[in-house]
**Student:** 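The structure that follows is given in the form of structure tokens.
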Amino acid sequence: MTDLATVDPIAALQAAMLQLPQFEPQTEHLFHGGLYCRTVARPKDCLIVGKRHRKAHLYIVLKGRVGLVNHAGEVAQEYPAGSVIACEPGTKRAVIALEDSVCMTVHATKAKTVEGAEAILVEPEPDSPFLPGNRLPLKELT
């Protein structure tokens, strides 16, 4: 069996990050009209590797400027505040905050809870240190 981290550089980056203390980003959740909006604040230089999404969704940069990290570990594309990115199913991003930033994802779902939305919208990741809603278990908090 092949180790995913040896095949996928984003997975390798995530595996390396898991060896470091984890940051729990300030995350707000809003459910309305069949939509789930997740807003995440991130300080400058914060690198976040998200989970693989199962469904198409929107990624919006509300404040600041972020960079999408490619498979070579370089900032491949910069997105300033006001950018709206259409994301396809299977999307898994590594994003670095080039300035203090706030980003939002918008998902169509009938779910009414964060746990329900995550069960529908993202692939399970047994190695993820995060509970639903970007929360770290109490033992992980730094």
Side-chain angles (χ1 to χ4, degrees), residues 2-138 140-142:
T2 304
D3 181 354
L4 180 62
T6 63
V7 175
D8 181 355
I10 297 296
L13 174 62
Q14 181 174 352
M17 289 174 58
L18 289 174
Q19 303 305 309
L20 303 170
Q22 299 299 300
F23 164 74
E24 184 175 289
Q26 177 186 344
T27 304
E28 296 178 10
H29 311 275
L30 174 66
F31 291 88
H32 182 73
L35 298 174
Y36 167 45
C37 298
R38 176 186 292 218
T39 305
V40 181
R42 54 196 79 198
K44 182 179 188 245
D45 297 327
C46 177
L47 177 65
I48 294 176
V49 176
K51 293 182 180 178
R52 188 167 313 280
H53 288 77
R54 294 179 176 177
K55 300 183 181 274
H57 63 283
L58 297 176
Y59 184 94
I60 304 165
V61 182
L62 300 174
K63 173 187 169 190
R65 185 170 51 97
V66 300
L68 185 65
V69 177
N70 66 16
H71 288 337
E74 303 161 336
V75 175
Q77 181 76 39
E78 290 187 19
Y79 296 99
S83 296
V84 179
I85 303 130
C87 301
E88 297 302 322
T91 299
K92 181 175 178 74
R93 291 180 293 271
V95 178
I96 188 164
L98 302 171
E99 301 172 0
D100 289 348
S101 300
V102 177
C103 298
M104 174 191 288
T105 56
V106 180
H107 308 268
T109 183
K110 293 180 181 177
K112 302 290 185 199
T113 66
V114 173
E115 294 79 8
E118 287 201 17
I120 294 166
L121 299 172
V122 298
E123 295 289 337
E125 280 194 33
D127 294 335
S128 175
F130 291 94
L131 301 170
N134 285 342
R135 292 177 294 119
L136 287 170
L138 290 177
E140 298 287 335
L141 292 175
T142 58

**Student:** Does CD belonging to E99 count more than 12 external heavy atoms closer than 6.0 Å?
**Tutor:**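 Counting neighbours around CD of E99, more than 12 heavy atoms of other residues, nucleotides or ligands fall under 6.0 Å, so yes.
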**Student:** Check for a donor-acceptor pair, side chain of T27 on one end and backbone N or O of P25 on the other, with a separation under 3.5 Å.
**Tutor:**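 Flag set: sc T27 to bb P25 pair under 3.5 Å.
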**Student:** Could you please spell out the steps behind the side chain to side chain contact (heavy atoms under 4.5 Å, CB included) verdict for V40 and I48?
**Tutor:** CA-CA 10 Å; V40 181; I48 294 176; 4.3 Å; yes
**Student:** Do you know which two heavy atoms are closest between H53 and K51, and how far apart they sit?
**Tutor:**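 Heavy atoms of H53 and K51 come nearest at ND1-O, 3.0 Å.
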**Student:** Do T91 side-chain atoms and P89 backbone N/O form a donor-acceptor pair below 3.5 Å?
**Tutor:**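 No, the answer is negative, given that no donor and acceptor are paired below the 3.5 Å cut-off.
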**Student:** Which pair of non-hydrogen atoms, one from V61 and one from P80, has the smallest distance, and what is that distance?
**Tutor:**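 Smallest heavy-atom distance, with atoms named: CB-O, 3.6 Å.
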**Student:** So if I apply the side chain to side chain contact (heavy atoms under 4.5 Å, CB included) rule between I60 and each of V106, T105, I85, T39, which one comes out positive?
**Tutor:**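 Of the listed options, the one satisfying the test is V106.
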**Student:** Could you grab the distance from atom CZ of R93 to atom CG of L68, nearest 0.5 Å is fine?
**Tutor:**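 Here the rounded value is 8.0 Å.
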**Student:** Can you tell me if Q22 uses its side chain to pair, donor with acceptor, with the backbone of M17 under 3.5 Å?
**Tutor:**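 Side chain of Q22 to backbone of M17, a donor-acceptor pair under 3.5 Å: yes, one is there.
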**Student:** Please step through side chain to side chain contact (heavy atoms under 4.5 Å, CB included) for the pair C87 and H57, ending with a clear verdict.
**Tutor:** CA-CA 5 Å; C87 301; H57 63 283; 3.4 Å; yes
**Student:** Is the closest basic N to carboxylate O distance between E125 and K92 below 4.0 Å?
**Tutor:**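 Judged by the 4.0 Å cut-off on N to carboxylate O distance, E125 and K92 do form a salt bridge.
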**Student:** Within the structure provided, determine whether R42 and C103 are in side-chain contact (heavy-atom separation under 4.5 Å).
**Tutor:**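 When only atoms from C-beta onward are counted, C103 and R42 do touch, with a gap below 4.5 Å.
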**Student:** Nearest heavy-atom pair of L58 and A86: which atoms, and what distance?
**Tutor:**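 Nearest pair, atom of L58 first, then A86: CD2-CA, 4.1 Å.
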**Student:** How close do F31 and A111 get, heavy atom to heavy atom, and via which atoms?
**Tutor:**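 Shortest heavy-atom separation between F31 and A111 comes out as CD2-O, 3.4 Å.
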**Student:** What closest approach, in Å, do L62 and A81 show between heavy atoms, and which atom pair accounts for it?
**Tutor:**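 Looking at all heavy atoms of both residues, the closest pair is O-CB, 3.7 Å.
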**Student:** Side chain of D100, backbone of P43: donor and acceptor closer than 3.5 Å?
**Tutor:**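 Side chain of D100 to backbone of P43: no pair is present.
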**Student:** With a 4.0 Å cut-off, would you call E118 and R38 a salt bridge?
**Tutor:**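 A salt bridge links E118 with R38.
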**Student:** Looking at L30, is its backbone amide N or carbonyl O close enough to the side chain of H32 to form a donor-acceptor pair, meaning the two atoms are under 3.5 Å apart?
**Tutor:**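 No, H32 side chain to L30 backbone: no donor-acceptor pair under 3.5 Å.
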**Student:** Out of curiosity, K110 NZ to I120 CD1, how far, rounded to the nearest 0.5 Å?
**Tutor:**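 Atom-to-atom, K110:NZ and I120:CD1 are 9.5 Å apart.
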**Student:** So, are E78 and R65 salt-bridged, with charged N and O less than 4.0 Å apart?
**Tutor:**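 Salt bridge present between E78 and R65.
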**Student:** Please report the interatomic distance OH(Y36) to OG1(T113), rounded to the nearest 0.5 Å.
**Tutor:**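 Reported value, rounded in 0.5 Å steps: 9.0 Å.
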**Student:** Do R52 side-chain atoms and G90 backbone N/O form a donor-acceptor pair below 3.5 Å?
**Tutor:**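 Such a contact is found between R52 side chain and G90 backbone.
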**Student:** So, taking the atom named CD1 in I96 and the one named CG in D45, what distance separates them when rounded to the nearest 0.5 Å?
**Tutor:**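 Reported to 0.5 Å precision, the distance equals 5.5 Å.
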**Student:** Quick one: CD on Q14 to CG on L47, what's the gap to the nearest 0.5 Å?
**Tutor:**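 Result: 10.0 Å between the selected atoms.
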**Student:** Which atoms form the tightest heavy-atom contact between R54 and A119, and what is the distance?
**Tutor:**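 R54 and A119 have their closest heavy atoms at NH1-O, 3.2 Å.
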